[in-house]
Amino acid sequence: MALPRATSRRRSPARIGLPLALAAYAVLALFAGAALVTWQDPAFAADGAAWAAAGAILTNAIPTLVLALLLLALTRRPLLSLGLAMLPLYLLYYANAIKLELLDTPVLPADFMLLGHLGDGGALLARYLPPTAIACAVACVLVVAALLRWERPWQRLTGWARLLVGAGVLGLGASLVAGVSPWSRVYAAAQDEWLEWSPAASAEHGGLPATLLRYAWSTTFVLPEPDRELARRFMQDHAAAPPAAPDPSTLPDIVVVQSESFFDPARLRGLEPAQVLPEFRRLAAVSRHGDLWVPAYGGGTIRTEFEVLTGIAMRYFPEVQYPYFRLTATAVPSLASVLAGHGYSTLAVHPHERDFWNRAVALDHLGFGAFDGEEAFGDAVRVGWYIGDDALVDHVLQRLDAARSPAFVFAISMENHGPYEGFPNADPNDIAAQPVPPDASGPPAERLRGYLYHLARADRALGRLADALKQRPRRTLLLFYGDHLPALPKLYEGAGFDDGANGFSQPVPWLLFDSAHAGPVPAEETTAAFYLPALLLATAGIDDRYFDALESARRQDLPGPHWTPRDDAALGAIMLMRQRGEAP
């Protein structure tokens, strides 16, 4: 007589019922996500803050819950699904911590647009990861492989039941991403301190995932209609009699150098002008120069780049973080297109991946005739992580010598891009000899030394370029400026600045060197990035109706930290029209 088979005491979805099992799993996933949020999110990690904000914590965990249920429908493995759902949340906090440390701003929806345009496969961003990140990634792969191999799938979650659960969760997730009701009301109630104009403050009070969702809901990209009458009056008020057409044989070559993270460290408390930037100061003594206010801090190079090339200020596009993804989808008038209309050859040069920041497409739409990316530099010497500024200067001079007409060369340097520690191909003794403020110590001081090592090389390259341009028979204008401060916020918090202000309130330097200049030493001029192209064309004697009006407005304005332009409303109207390709 056969004995009855032993039965397992473990309760499975088949025994307790699939709906009840799914409900229990949903509660588990929600509270697992909430635990990770409480542990990692700066808004809730402080002692005593978590329990007081339970509702906000749960709303930050909801995306993890939805993803876990969707993965459960796909894999039928509960532990694997929960782990895979929590991994993106952990990685989000990991990236957010790095961005907060370097830029003092949280991760935003626009940052995800960058992932499809890295060009270098993410090598630049990977350099900011600590060595332990690789070990963690390997561990995650091993855990996933083990769960795939050993975890038994839910037997009851098959067929129509699996399809219905998957479709239901997919619809739930789509409604969450779209922000339809009741999600909008739920998140509004939980985030009672939502400040749309301040993502850092919103994330600090309401949590990172919830802030990302609400920004994604609220930043639909629809440009407002410009006030065309106001723009017309602006052009009328700043109209000038057009000058006589210049003789093509007398047009100067124009070189613009956007120097990565070029900043005057003498603004830091404890460093003196005599210790840094000797070549810049030598050239500034015979050039127009001064402080430059830019729309970027610690990163976001293309924000400053867009302003200098187009004369369009980012302040009038507050929902746009990265203009080369949003504002250059079609042709936009720029320095390149204006100069091409006067017979110039137009070339952009950047010793890095041409697709990074979507530059290849954007620069084409801005009217450049050619773009030399990293592939044009062959086996050029790398200093640190990137091709050095000396190689960039050599390339610019070669291209100028090969030009058969007046040339416009826009050069974007790369050597001084962070991170500023652990980089190869550098002299450690030279790095160690760099000056730092007396109060700076530890990692902030070491990063500053790494930055100053590259900055000194950028300064020497600037002097060599200016000296070479002075020897050329054709007059050459060299516009040189920094795109933003280096990403050293911990140093700024410690050493501080001479003026007592924070890093967001510091300018970068600019100068306009004229190889034919023999006049008196000019006074310092404070200006803004979007005014630079108008100043440059006026110096070159090249007429353009828009830039002429912008130069007139520049001479009446006095930029500074957090300033409002003198013709703010009118500038906004004319720049909205300019971005659309409309002429007032």
Side-chain angles (χ1 to χ4, degrees), residues 101-104 257-285 287 289-294 296-301 304 383-386 388-389 413-421 423 426-464 466 480-511 524 526 529 560-561:
E101 180 183 4
L102 296 175
L103 304 179
D104 275 347
V257 176
Q258 178 175 275
S259 188
E260 172 63 38
S261 299
F262 195 91
F263 164 71
D264 187 357
R267 300 186 72 90
L268 290 168
R269 189 180 298 116
L271 288 180
E272 300 300 326
Q275 295 177 280
V276 290
L277 304 184
E279 290 300 308
F280 181 88
R281 300 191 201 287
R282 173 176 71 89
L283 295 173
S287 305
H289 70 284
D291 290 337
L292 181 70
W293 297 97
V294 298
Y297 167 77
T301 295
T304 303
V383 183
W385 299 113
Y386 312 104
D389 284 2
S413 81
M414 193 66 192
E415 178 183 336
N416 207 13
H417 200 291
Y420 301 118
E421 56 188 347
F423 48 80
D427 182 348
N429 294 324
D430 196 349
I431 295 174
Q434 297 300 320
V436 297
D439 294 338
S441 62
E446 293 307 308
R447 290 169 185 165
L448 176 60
R449 288 190 177 96
Y451 166 75
L452 291 176
Y453 171 81
H454 291 299
L455 183 69
R457 293 179 54 84
D459 183 60
R460 290 194 294 270
L462 166 63
R464 187 166 72 87
F480 180 94
Y481 63 93
D483 54 355
H484 51 69
L485 268 67
L488 300 168
K490 298 300 181 185
L491 172 77
Y492 307 149
E493 293 172 7
F497 296 92
D498 287 334
D499 61 7
N502 60 20
F504 290 98
S505 302
Q506 304 300 321
V508 294
W510 74 275
L511 66 78
E524 289 192 22
T526 297

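Residues: numbered from 1 along the sequence shown. No experiment lies behind these values; they were computed from the predicted model shown.
- Annotation: side chain of V383 is in contact with side chain of R457 (closest heavy-atom distance under 4.5 Å).
- T301 approaches Q258 most closely through the heavy-atom pair CG2-NE2, 3.1 Å.
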_Step-by-step side-chain contact (heavy atoms from CB on, under 4.5 Å) determination, L452 to Y420_ = CA-CA 9 Å; L452 291 176; Y420 301 118; over 6 Å; no
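- The backbone N or O of D389 sits less than 3.5 Å from a side-chain atom of E415, completing a donor-acceptor pair.
- Within the 4.5 Å cutoff, the side chain of P444 has no heavy atoms near those of the V436 side chain.
- Side-chain atoms of H417 and S261 form no donor-acceptor pair, as typed in the model, at a separation below 3.5 Å.
- Ring geometry for F480 against F280 counts as tilted: the plane angle lies between 30° and 60°, on a 0 to 90° scale.
- Salt-bridge check for D291 with R267: passed, with a basic side-chain N closer than 4.0 Å to an acidic carboxylate O.
- Contact detail for S413 and S259: the closest heavy-atom pair is OG-CA, 3.4 Å.
- Considering all non-hydrogen atoms of both residues, A440 and L491 come closest at CB-CD1, 3.9 Å.
- Looking at R460 and E279, no side-chain N of the basic residue comes within less than 4.0 Å of a carboxylate O on the acidic one, giving no salt bridge.
- Closest of all the heavy-atom pairs between Y492 and L268 is CD2-CD2, 4.0 Å.
- With respect to the salt-bridge test (charged N to carboxylate O, under 4.0 angstrom), the residues D264 and R281 qualify.
- Taking the ring pair (Phe, Tyr, Trp, His ring centres under 6.0 Å) definition, one finds that F263 meets it with nothing, sequence neighbours left out.
- Distance alone, capped at 3.5 Å, places no donor-acceptor pair between the Y297 side chain and the S505 backbone.
- Residues T304 and V508 fail the side-chain proximity criterion, which asks for heavy atoms closer than 4.5 Å.
- Taking 4.5 Å as the limit, some side-chain heavy atom of L462 sits within range of a side-chain heavy atom of L283.
- Annotation: side chain of P443 is not in contact with side chain of K490 (no heavy-atom distance under 4.5 Å).
- In terms of the ring pair (Phe, Tyr, Trp, His ring centres under 6.0 Å) criterion, Y481 has no residue partners (sequence neighbours excluded).
- N416 is not listed as a side-chain neighbour of P486, based on a closest heavy-atom distance of 4.5 Å or more.
- H454 pairs with exactly one of Y386, F423, W385 by the ring pair (Phe, Tyr, Trp, His ring centres under 6.0 Å) rule, that one being F423.
- The side-chain heavy atoms of P507 and L292, taken from C-beta on, include no pair separated by under 4.5 Å.
- Sequence neighbours left out, not one pair with a member in residues 432-444 passes salt bridge (Lys or Arg N to Asp or Glu O under 4.0 Å).
- Residues I431 and A426 share a closest heavy-atom pair of CD1-CB, 3.8 Å.
- Contact of the L277 side chain with the L455 side chain is registered, since non-hydrogen atoms from C-beta on lie closer than 4.5 Å.
- Not one N or O on the side chain of R269 forms a donor-acceptor pair closer than 3.5 Å with the backbone of D498.
- Atom CG of residue N502 and atom CZ of residue F497 lie 8.0 Å apart, to the nearest 0.5 angstrom.
- Here the closest non-hydrogen pair linking E272 and A266 is C-CB, 3.9 Å.
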